[in-house]
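The next block holds one structure in the form of structure tokens; read it before the comments.
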Amino acid sequence: MSSLYENREKEPAMVKVRFAPSPTGYLHLGGARTAIFNWLFARHNGGRFILRIEDTDKSRSTEESIREILEAMEWLGLDWDEGPYRQTERLDIYRREAQRLLDEGKAYYCYCTTEELEERRKKALEEGRMPKYDGRCRERTEPREGVDPVIRLKVSQEGETEIHDLIKGEVVYPNSQLDDFILVRSDGTPTYNFVVVVDDALMGITHVIRGDDHLNNTPKQIQLYRALGYEPPQFAHVPMILGPDRTRLSKRHGATSVLAYREEGYLPEALFNFLVRLGWSHGDQEIFSKEELIQHFSLENVGRSPAVYNPDKLLWLNAHYIKTGDNGRLAKLLIPFLMREGLVKEAQQPDLEWLCRVVETLKERAKTLKEMAQMAAFYFQAPQEYDPKGERKFLKSQILPYLEALVSELDKLNDFSERSVEEAFNRVMERFDVKLKHLAQPCRVALTGKTVSPGIFEIISVMGKEEAISRLKRAIEHIKSKSDT
RNA sequence: GUCCCCUUCGUCUAGCCCGGCCAAGGACACCGCCCUUUCACGGCGGCGACGGGGGUUCAAAUCCCCCAGGGGACGCCA
């Protein structure tokens, strides 16, 4: 019976993955994509997705950051099945595990000070050596006066450690590169490399999917799993997202916070779709619903090379989701942006049904909700002034008769639908024997102040009879006052 | 410096594992044309890549080796 072999090959009964952000800032694009890959992997395999906050660095972790991260995940629709766990609430577990390693002789106290370490590191770098801890406290039996010790793991320097990475393939590290890394700081708090292993093991994580900046940590962690007597999980190291300058994505590259995209008027499904296609693909398909992603996602189709973040494509996707989005939903999402533009006051919410019609006229040309709100301005306020070029070109005295005729035709309408507005235009065009463009452009400038807008019939219809006529009359007066002088 | 990862159009990528279907496909951006009351949308077309060098083979983007470039790690950060 080759039972050992079979056990190795057999997939774990239940896939369990985690996303483990450190709350030292907002959720950025790279972190969000890692979360998405984990979530998708769990959902695809009918497994569990757990959220764990890695807050062992007390000096840098903040509650505000935790709130931000959770909010960003909720916005993206990444729901978790367990957690959020907080590592600061599990300190007794780490203490117990550290003591166990100490008792078993697999870890030891180290009394070297930060200053001494820093000096040795500097020297090593200068001499072109690898700056690693030399293990000098391994055999120390006596404490050192006035120094709070750290706990280090005895790491084997012999041989090599192999990683069977689901994305990178076989990766082999010479153990000579490893050093006795710190498990517990001198203040008694555990370090990342320690807690990540303890938690992943104890929480039964089957697949660790994370950024490939962690690939280098993996051999250390594997040694720790073994020292602890736990079976290492499967690893999948996802290539990082790079900025346009091909370095690690950071604040330098502009807005990288997930929530900042919401503020800029991006739809969560657009960012989701964009992020998942950065490094993962399914043939030539670009647009994916969540259901399709869950159905198709697999680690095999994750690329091995890093991806440069391309804001133009995100914008295109966002435009697509706006274009195809539900008017009612878009209208609701648009309101905060209208308020920010000063078009809608907090107290008086616009009529949603009407707003839906506004959205309908704008959704084909707006790439973001922010942009849509800006383009919607003329629906809320009559032009304060006319675009100079448009005025010169279209608001001329020759067109006065057309505009006046149009006002009277519109005034006769009971039904103010797009269709009947169009018919009113047709009557005016026939009477004066002019083409639509000679009527439409002056009208557009009169109504919106600009030479660019959605279709003339739709905006008039949506604007309403009273408002449209009043704006046309104002334009007529404006033209007259000019020609008088 | 050492170790690890990566390398197809400007960018995201398909193809690579199982060589021939690839004079390398799709998408974003860009350019042009068409549609058209403006702007968009849409349609059509164009531009544009296998990092370099050696092998192996009848045949290599695909397999092997070397080099170069890029990224990452080397913390009492995660």
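Residues A/His207 and A/Phe41 place their aromatic rings such that the two centres sit under 6.0 Å apart. Aromatic ring centroids of A/Phe37 and A/Trp280 lie 6.0 Å or more apart.
Nearest to the side chain of A/Tyr173, among B/C76, B/C6, B/C3, sits B/C3. You'll find that the side chain of A/Arg152 is closest to B/C76, out of B/C3, B/C76, B/U11. Comparing B/C76, B/A73, B/G71 by their nearest atom to the side chain of A/Ile182 picks out B/C76. Checked against B/C5, B/C28, B/G71, the side chain of A/Asp312 finds its nearest nucleotide in B/C28.
Residue A/Glu385 places its CD atom among 12 or fewer non-hydrogen atoms of other residues, nucleotides or ligands, all under 6.0 Å distant. The environment of NZ in A/Lys450 is sparse: at most 12 heavy-atom neighbours from other residues, nucleotides or ligands sit within 6.0 Å. Environment of CD in A/Glu119: sparse, with no more than 12 heavy atoms of neighbouring residues, nucleotides or ligands closer than 6.0 Å.
Distance CG (A/Asp179) to P (B/A73): 16 Å, rounded to an integer number of Å. As a whole-Å value, the separation of A/Tyr111 OH from B/C76 C1' is 15 Å. A/Asp213 places its CG atom 15 Å from the P atom of B/G75, with the value rounded to the nearest Å. The distance between atom CD of A/Glu286 and atom C1' of B/A27, rounded to the nearest whole Å, is 4 Å. As a whole-Å value, the separation of A/Glu162 CD from B/C5 P is 12 Å. Rounded to whole Å, atom P of B/C4 lies 12 Å from atom CG of A/Leu178. When rounded to the nearest whole Å, the span between CG of A/Asn273 and P of B/C12 equals 17 Å. Rounded to whole Å, the distance from NE2 on A/His237 to C1' on B/C5 is 11 Å.
Applying the side-chain hydrogen bond (donor to acceptor under 3.5 Å, both in side chains) test between A/Asn193 and each of A/Lys220, A/Gln221, A/His214 identifies A/Gln221 as the sole match.
OP1 or OP2 of B/U11 sits under 4.0 Å from a side-chain N or O of A/Arg246. Contact annotation: A/Arg248 does not reach the phosphate of B/A78 (side-chain N/O to OP1 or OP2, under 4.0 Å). Side-chain nitrogen and oxygen atoms of A/Thr56 include at least one within less than 4.0 Å of the OP1 or OP2 phosphate oxygen of B/A78.
Straight-line distance between the P atoms of B/G15 and B/A78: roughly 38 Å, to the nearest whole Å. The same atom, C1', is picked in B/G19 and in B/C64; the two are 13 Å apart, to the nearest Å. Taking the P atom of each, B/C74 and B/U56 are spaced 43 Å apart, rounded to whole Å. Here, B/C39 and B/G32 have their P atoms 13 Å apart, quoted to the whole Å. Spacing of P atoms, B/G25 relative to B/G45, comes out at 13 Å, to the nearest Å. Taking the P atoms as reference points, B/C30 lies 24 Å from B/A14, given to the whole Å. When the C1' atom is used for both B/A60 and B/G52, the distance is 16 Å, rounded to whole Å. Distance noted for atom P between B/U62 and B/G54: 14 Å (whole Å).
Base pairing of B/G69: its partner is B/C6, meeting the Watson-Crick or G-U wobble criterion (both donor-acceptor distances under 3.5 Å). Remark: B/G42 base-pairs with B/C34. Criterion, Watson-Crick or G-U wobble with two distances under 3.5 Å. Base pairing of B/A27 is made with B/U11, judged by Watson-Crick or G-U wobble geometry with both donor-acceptor distances under 3.5 Å. Pairing of B/C76, defined by two Watson-Crick or G-U wobble distances under 3.5 Å, is not identified with any nucleotide.
Contact check on A/Arg471 versus A/Glu467 returns a salt bridge, with a Lys/Arg side-chain nitrogen under 4.0 Å from an Asp/Glu carboxylate oxygen.
Side-chain contact between A/Pro143 and A/Pro149 is absent, with no heavy-atom pair separated by less than 4.5 Å. At a threshold of 4.5 Å between non-hydrogen side-chain atoms, the residues A/Ile50 and A/Tyr85 count as touching. You'll find the side chain of A/Ile476 reaches within 4.5 Å of the side chain of A/Leu400, heavy atoms only. Residues A/Trp316 and A/Glu286 have side chains in contact (heavy-atom distance under 4.5 Å, counting atoms from C-beta outward).
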Polar atom pairs (N or O), protein with nucleotides 13-18 of chain B, under 3.5 Å:
| residue | atom | partner | partner atom | Å |
| --- | --- | --- | --- | --- |
| B/U13 | OP1 | A/Gly279 | N | 2.4 |
| B/U13 | O3' | A/Ser281 | OG | 3.2 |
| B/A14 | OP1 | A/Ser281 | OG | 2.7 |

Enumerate the protein-to-nucleotides 51-53 of chain B contacts in which both atoms are nitrogen or oxygen and the separation is below 3.5 Å.
none

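A/Asp57 and A/Ser59 share a side-chain donor-acceptor pair at under 3.5 Å.
With A/Thr161 contributing its side chain and A/Pro219 its backbone, the two residues share no donor-acceptor pair below 3.5 Å.
Across all strands, A/Glu54 comes closer than 4.0 Å only to sugar-phosphate atoms, never to a base (heavy-atom distances). Across all strands, A/His214 comes closer than 4.0 Å to base atoms (heavy-atom distances). Contact annotation for A/Lys132: no contact, since no heavy-atom pair falls under 4.0 Å across all strands. Counting non-hydrogen atoms under 4.0 angstrom, A/Thr247 reaches the backbone sugars and phosphates but no base. A/Val171 comes within 4.0 angstrom of the backbone, heavy atoms only, and of no base. Within 4.0 Å of A/Val196, counting heavy atoms only, lies no atom of the nucleic acid at all.
Closest-nucleotide positions on RNA chain B for A/Lys168 and A/Phe274 were compared, and the one nearer the 5' end corresponds to A/Lys168.
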Passes ring pair (Phe, Tyr, Trp, His ring centres under 6.0 Å), A/Phe272 versus A/Phe288? Steps please. CA-CA 9 Å; A/Phe272 197 106; A/Phe288 295 90; over 10 Å; no

Base contacts versus sugar-phosphate-only contacts with protein, heavy atoms under 4.0 Å: please encode nucleotides 31-47 of chain B as B, S and - from 5' to 3'. ------BBBBSS-----

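At a cut-off of 3.5 angstrom, counting only N and O atoms as typed in the model, there is a donor on one side and an acceptor on the other between the side-chain of A/Asn216 and the base of B/G72. The base of B/A78 lies close enough to the side chain of A/Asn217 for a donor and an acceptor atom to sit less than 3.5 Å apart.
A cation-pi geometry, defined here as NZ or CZ lying under 6.0 Å from the six-membered ring centre and within 45° of its normal, holds between A/Arg152 and A/Tyr133.
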